[in-house]
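Residue numbers start at 1 and run along the sequence shown. All of these numbers come straight from a predicted model, not from anything done at the bench. Atom set for the values below is all heavy atoms of this structure, side chains included, hydrogens, waters and symmetry mates excluded.
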Amino acid sequence: MEVRNTIDAENVSITPSSSTHLPSKHLKPSSIPIDTNSVTQRLQKELMSLMMSGGDLGVSAFPEIDNIFSWIGTIEGGKGTPYKDLSYKLSLHFPLDYPFKPPLIKFETMCFHPNVDEHGYIA
């Protein structure tokens, strides 16, 4: 069975879906107390940093409407690589205990890379 990870600022729920695959390693509960206020502040700080320098690197990302824990991003293919002139759309879902747990990142644009699985998740 495949599941979709739906992240909300107040709670995390896992709902069944036939179109999304969620690696099981992301379902482990955390033993670290969660302070969503500090996580929100951290994400806002990282967003500002990315907005100030990300464009120069060919990277951009912004939160989805009204949810700092769910972002949409793009990566431009690097010059001198097989990915030049390509642009990739990604979805980023930050856990409530970020940065102690990494975000779940998925290539929404098909990406042929040895570290990206057939569903777009980084392996």
* Sidechain-backbone polar pair: S70 side chain, N67 backbone, donor-acceptor under 3.5 Å -> no
* Output yes when a side-chain donor or acceptor of S49 lies under 3.5 Å from a complementary backbone atom of K45, and no otherwise. => no
* Do the ring planes of H113 and Y83 sit parallel (below 30°), tilted (30 to 60°) or perpendicular (above 60°)? -> tilted
* Passing candidate, ring-ring contact (aromatic ring centres under 6.0 Å, His included) with F94, options F100, W71, F69 -> W71
* Stepwise side-chain hydrogen bond (donor to acceptor under 3.5 Å, both in side chains) check, S60 with T74 -> CA-CA 5 Å; S60 67; T74 58; 2.6 Å; yes
* Okay, side chain of T81, backbone of G77: is any donor-acceptor separation there less than 3.5 Å? -> no
* Euclidean distance, E108 CD relative to L92 CG, rounded to 0.5 Å -> 9.5 Å
* Asked: What distance separates E46 CD from I68 CD1, expressed to the nearest 0.5 Å?
  -> 9.5 Å
* Asked: Which atom names give the shortest non-hydrogen contact between M110 and Y88, and what distance separates them?
  -> O-CE2, 3.4 Å
* Structure fact -> On a heavy-atom basis, the closest approach of K106 and H119 is CE-O, 2.8 Å
* Asked: For P103 and P95, which heavy atoms make the closest approach, and how far apart are they?
  -> CA-CD, 3.8 Å
* Structure fact -> On a heavy-atom basis, the closest approach of F107 and V116 is CE1-CG2, 3.7 Å
* When hydrophobic residues are tied together by side-chain contacts of less than 4.5 Å, even through go-betweens, does V59 share a cluster with I72? -> no
* Asked: Looking at K79 and K84, what are the two nearest heavy atoms and their distance?
  -> CA-CB, 4.2 Å
